[in-house]
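Beneath this line is the structure, given in structure tokens, with notes to follow.
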Amino acid sequence: MQSTGTPIALSRAIVTSLTQRLHQVQQRGHRVARSAQSWIEPIARFGYAAKGTVSCLIGLLAILAAIGLSQGLADQRGVMTTLLAQPFGKLLLLAMAVGLASYALWNLIQAILDPDRAGADFNGLAKRLGHFFKALINAALVLAILRLLIGLRTDDSTDSAARDWTAYVMTFPLGIWLVAATGLGILGYGLYQIYRAWKIKLDDQLDLYRLKTPTRKFFIFLSRFGLFARGILFGTIGLFLVIAAMRTNPREAKGIAAAMRALEQQPYGSLLLCAVALGLISYGFYQFLRAKYRRIGP
């Protein structure tokens, strides 16, 4: 009995020790977050505003394309190129870079210091891991902006990057399965956004009670519509990635702009594209609400 009980007791001791250690690290992170509240909060709010601006610009360009006033659809990098062509374009891009860098830093703070107290259980760690990946994605966008500012070539969209990444991964053993798993993950994220649009308690995140009831309800409706449209868009991207794996064809992989083009090619595609574009603008407005009204920190 002792030979079987000792390994079990040892395993329990190791798990207990790791749990205690993780709890100590988490508590230390919360203390750091509280002490740094004065500079974390403006970084978070500026980051949300920058994220909202990018989403609104993508939606606006999509509407212009749907009604024939623009030659093509754009994603984050397309927005960068469009801004660069405007008067004072470099200043606009620099402001966007600072804003997205702030958003990336805020995501990193959420992942490490956990100011929102997501916790260290499975759901909490999943949320914090998601924040970490958001930090990486937005840091990559900042790097792309800096490359544009100093005159280096960068891709006009994420479509070619999606195809190149898919083709590269498919060269590895089990690469096709990895592409399929990634596609299912993005599809699941899109479905989760749709679920959040229906179920999320925005009043728990946003301090909207100071607003009049009709205004508050309208803001909540716009936020839900934005989350729903974003879920549709990410679900479409994930679905095409799964199709790319099934057909062993990296050209089937699509970024944001190509996913919107695919929606445009469906029956009543122009109306569908306009609806998604309005949703992206609504999502941008939701980010503006987070910039102003979100409860940040403990």
Side-chain angles (χ1 to χ4, degrees), residues 41-67 69-70 73-80 82-83 86 92 95-104 106-107 110 116 130-131 134 137-138 141 189-190 192-237 256-257 259-260 263 271-296:
E41 184 170 340
I43 286 176
R45 298 196 186 283
F46 188 43
Y48 283 132
K51 190 72 173 178
T53 300
V54 173
S55 184
C56 286
L57 288 174
I58 293 174
L60 178 60
L61 291 175
I63 290 177
L64 293 177
I67 62 179
L69 296 180
S70 176
L73 297 163
D75 57 6
Q76 295 98 324
R77 299 193 181 191
V79 166
M80 298 174 196
T82 301
L83 285 179
Q86 306 307 311
L92 294 174
M96 180 181 290
V98 174
L100 290 177
S102 298
Y103 188 70
W106 167 236
N107 288 149
Q110 287 177 297
D116 294 328
H131 290 316
K134 286 180 184 179
I137 292 171
N138 285 282
L141 290 175
Y189 177 76
Y192 176 65
Q193 292 296 301
I194 295 174
Y195 171 80
R196 288 182 70 229
W198 179 257
K199 281 296 200 179
I200 187 174
K201 296 181 180 179
L202 289 169
D203 287 338
D204 291 344
Q205 292 187 350
L206 305 175
D207 187 15
L208 299 179
Y209 291 104
R210 71 185 78 171
L211 302 176
K212 295 181 179 179
T213 300
T215 303
R216 181 171 61 87
K217 289 183 176 180
F218 178 66
F219 284 175
I220 290 176
F221 168 77
L222 282 182
S223 300
R224 295 191 187 282
F225 179 49
L227 287 168
F228 179 82
R230 193 166 182 262
I232 293 294
L233 189 58
F234 273 92
T236 303
I237 293 172
I256 292 177
M260 288 193 291
L263 292 174
L271 292 177
L272 182 59
L273 178 61
C274 282
V276 171
L278 288 173
L280 290 176
I281 293 175
S282 298
Y283 181 76
F285 183 77
Y286 168 57
Q287 296 299 321
F288 293 145
L289 289 177
R290 296 175 91 184
K292 184 172 178 58
Y293 295 109
R294 190 186 189 279
R295 299 182 180 94
I296 296 175

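- Between Lys51 and Asn138, the closest side-chain pair of non-hydrogen atoms falls below 4.5 Å.
- Looking at residues two or more places apart in sequence or on another chain, you find a side chain to side chain contact (heavy atoms under 4.5 Å, CB included) between Thr53 and Leu57, Phe288.
- Applying the side chain to side chain contact (heavy atoms under 4.5 Å, CB included) test to Phe234 and every residue at least two apart in sequence or in another chain returns Ile186, Tyr189, Arg230.
- Atom NZ in Lys199 sits 8.5 Å away from atom NZ in Lys201 (nearest 0.5 Å).
- Annotation: side chain to side chain contact (heavy atoms under 4.5 Å, CB included) contacts of Ala291 (sequence neighbours excluded): Tyr48, Ala49.
- For Arg224, the side-chain hydrogen bond (donor to acceptor under 3.5 Å, both in side chains) criterion is met by no residue, not counting sequence neighbours.
- A 4.5 Å side-chain heavy-atom check between Leu206 and Arg290 finds at least one atom pair inside the cut-off.
- You'll find the side chain of Met260 reaches within 4.5 Å of the side chain of Leu280, heavy atoms only.
- The ring-ring contact (aromatic ring centres under 6.0 Å, His included) contacts involving residues 203-228 comprise Phe219-Phe285, where partners must be two or more places apart or lie in separate chains.
- Under the 4.5 Å side-chain criterion, counting only non-hydrogen atoms from C-beta, Ile281 is in contact with Ile63.
- Leu227 pairs by the side chain to side chain contact (heavy atoms under 4.5 Å, CB included) definition with Gln193, Arg196, Ala197, Ile200, Tyr283, Tyr286, not counting sequence neighbours.
- Residue Lys292 holds its NZ atom at 11.0 Å from CG of Leu208, rounded to the nearest 0.5 Å.
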Practice problem: Check the pair Leu202, Arg216 against side-chain contact (heavy atoms from CB on, under 4.5 Å), reporting the backbone distance first and the verdict last. | Solution: CA-CA 10 Å; Leu202 289 169; Arg216 181 171 61 87; over 6 Å; no
